[in-house]
Amino acid sequence: MKRSFIRVKETLYRFKNWRITITVIPRHLYLEFNLSKAWFRKRVEGCDLGELILKEDELVITFRKPLGEEKVTEYIGWDLNKCSLDGFSPRYGWIRIDLRHLYHIHRVHEIKRERAQSKASKKSSLKSIVSKHGRRERNRAKDFIHKLTTQLSKMFPNVMHGFEDLNKLGMYSRSKKHNRNVAKQNWKQIIQYMNYKSKVKLVNPKNTSSTCPRCGDKMIKLRKGQVVKCKRCGLTLDRQLCGAINIYFRMCGFPPSPSIFYRVVIKKMISLWNVRMKEGRGVTTKGDKGDDMLPMNPRGELSPMNPKAYIGLPMPM
Ligand SMILES: [Zn+2]
């Protein structure tokens, strides 16, 4: 060891059947600690393992208590997409969080993998390189998702987070592309980690981005699918925002309805926009400048994006 102590990242250990396994050299050297007969076992039953600190002669183990019965004062509906995480709640309005970094991780590794694979097919000793890339990619993605979910749960205390129930998504399968599967894997992990750190509610994913939250009719895609418009009432929404609003509605048990839509979305968002306009930042329709988002940028990895379009209603005749 070069240092007197090491913080063991969550990606470098495993905790199963009361045994902690720490990776020292991947696939070669592991340290194992058996806690099955530890004196403190009773005290930490039901807790999650937190950060480990490895010293020369001891291992410091931290445990996290699952969240107690904190009061939920707010719901946020989250729509997971390949490049962004879009949330909606009457209090915060439209929250968009950049996930392009996560997509980038996979893209970079995909290219590396392809290169390594074409070499590996010629030389069998290179096969381990291929699997090494896969592990690194997963660890990087995991690390990002840990930071993302920690930030989200800190930023939105006392919030119940709503997501689509992805296990039911298969029934309404969107696409079969490989990319989708990778993204779906991330989505599952995001929900899983959120569940450790906050309260989560899963809702039926059926047609969340193609149902009009105002009248319940079908929305049709405009502008390459980025914007959706209701066939019946003419409501126009960004597709991701539409998804987030519908998820929020389902969490709360609201049916699509003009009066609820007005009270929960339009009225609240107009006041939010007014506040921002007064502060001189403003939400713009073009997506330039105007950083109206909540402050969150601890290490530069997680960044809120400026929502590009919002809600359009046909002018009354
Ligand atoms: Zn409608």
Side-chain angles (χ1 to χ4, degrees), residues 1-68 99 101-102 104-106 108-110 112-113 116-117 120 124-154 163 166-167 181-200 298-299 301-302:
M1 281 169 61
K2 290 171 195 151
R3 279 171 288 172
S4 56
F5 72 91
I6 292 172
R7 286 174 200 279
V8 183
K9 278 201 294 182
E10 285 180 76
T11 49
L12 287 177
Y13 70 76
R14 212 174 45 203
F15 183 45
K16 219 176 176 184
N17 300 328
W18 290 98
R19 274 166 205 272
I20 300 174
T21 313
I22 300 172
T23 308
V24 181
I25 302 169
R27 289 194 171 189
H28 289 290
L29 194 55
Y30 295 96
L31 276 175
E32 196 182 75
F33 297 85
N34 187 351
L35 307 187
S36 62
K37 288 190 179 124
W39 61 272
F40 51 82
R41 187 176 153 168
K42 268 233 160 81
R43 279 204 217 170
V44 297
E45 219 130 25
C47 293
D48 291 324
L49 203 57
E51 189 183 46
L52 301 179
I53 298 158
L54 188 59
K55 295 186 180 178
E56 222 165 323
D57 54 354
E58 62 179 346
L59 174 71
V60 179
I61 308 167
T62 61
F63 288 91
R64 267 191 306 252
K65 256 197 184 145
L67 293 177
L99 294 187
H101 182 75
L102 190 56
H104 180 74
I105 290 171
H106 294 300
V108 165
H109 282 273
E110 199 174 19
K112 280 187 184 164
R113 202 163 43 233
Q117 262 161 358
S124 62
S125 63
L126 282 165
K127 285 226 166 91
S128 66
I129 293 175
V130 178
S131 62
K132 194 176 78 189
H133 281 310
R135 260 200 319 278
R136 262 191 213 153
E137 175 184 359
R138 276 194 299 278
N139 281 344
R140 277 191 191 153
K142 228 182 190 177
D143 193 53
F144 177 87
I145 292 168
H146 256 303
K147 285 175 186 159
L148 171 82
T149 49
T150 301
Q151 283 304 313
L152 285 177
S153 55
K154 274 188 194 155
F163 292 95
L166 296 179
N167 293 324
N181 292 336
V182 170
K184 208 171 143 188
Q185 216 41 53
N186 285 327
W187 297 345
K188 278 191 172 168
Q189 227 167 23
I190 290 172
I191 297 171
Q192 188 194 353
Y193 289 5
M194 266 325 266
N195 202 14
Y196 295 150
K197 299 168 188 179
S198 278
K199 290 198 169 109
V200 162
R299 289 174 207 165
E301 289 104 332
L302 307 180

Original post:
Should we say atom CG of N17 is surrounded by more than 12 heavy atoms from elsewhere, each under 6.0 Å from it?
Top reply: no
**OP:** Evaluate the side-chain proximity of F15 to D48: yes if any heavy-atom separation is below 4.5 Å, no if none is.
**Re:** no
Original post:
Are F33 and R19 close enough that some pair of their side-chain heavy atoms sits under 4.5 Å apart?
Top reply: no
Subject >> Test item: S198 side-chain N/O and N195 main-chain N/O as donor-acceptor pair under 3.5 Å >> reply: no
**OP:** State the CZ-CH2 distance between F163 and W187, to the nearest 0.5 angstrom.
**Re:** 12.0 Å
**OP:** Count the heavy atoms of every other residue, nucleotide or ligand shown that sit under 6.0 Å from CZ of R14, and state whether that count exceeds 12.
**Re:** no
**OP:** Check H106, H109, K142, K112 against E137 for a side-chain hydrogen bond (donor to acceptor under 3.5 Å, both in side chains) and give me the one that passes.
**Re:** H106
Original post:
Is there a side chain to side chain contact (heavy atoms under 4.5 Å, CB included) between T62 and L52 once you walk through the steps?
Top reply: CA-CA 6 Å; T62 61; L52 301 179; 5.7 Å; no
**OP:** Identify the two heavy atoms, one from I145 and one from N186, that lie closest to each other, and give their separation to 0.1 Å.
**Re:** CD1-OD1, 3.7 Å
Original post:
If you look at every heavy atom in E51 and V8, which pair is closest and at what distance?
Top reply: CG-O, 4.3 Å
Original post:
Just by modelled atom types, is the H146 backbone N or O under 3.5 Å from a matching donor or acceptor in the K197 side chain?
Top reply: yes
Original post:
Given side chains that start at C-beta, do those of V60 and K55 come closer than 4.5 Å, heavy atoms only?
Top reply: yes
Subject >> Non-hydrogen side-chain atoms of I22 and Y30 separated by less than 4.5 Å >> reply: no
Original post:
Would you find a donor on one side and an acceptor on the other, under 3.5 Å apart, between the side chain of R41 and the backbone of S36?
Top reply: yes
Subject >> Distance, nearest 0.5 Å, that separates NE2 of H104 from CG of L99 >> reply: 14.0 Å
Original post:
Could you give the distance from CG (N167) to NZ (K188), rounded to the nearest 0.5 Å?
Top reply: 5.0 Å
Original post:
Rounded to the nearest 0.5 Å, what separation is found between the OG1 atom of T23 and the CZ atom of R27?
Top reply: 11.0 Å
Original post:
Considering only heavy atoms from C-beta outward, does the side chain of L31 approach that of T21 to under 4.5 Å?
Top reply: no
Original post:
Any idea how Y196 and Y193 line up, ring-wise: parallel (<30°), tilted (30 to 60°), or perpendicular (>60°)?
Top reply: parallel
Original post:
Which heavy atom of Y13 sits nearest a heavy atom of G50, and at what distance?
Top reply: OH-O, 2.6 Å
**OP:** Measure across P26 and R135 and return the closest heavy-atom pair with its distance rounded to 0.1 Å.
**Re:** CB-NH2, 4.5 Å
Subject >> Closest contact, heavy atoms only, R7 versus I53 >> reply: NH1-CD1, 4.0 Å
**OP:** Calculate, to the nearest 0.5 Å, the distance between atoms CD1 and CD belonging to I190 and Q185 respectively.
**Re:** 11.0 Å
Original post:
To the nearest 0.5 Å, what is the distance between SG (C47) and CD1 (I61)?
Top reply: 12.0 Å
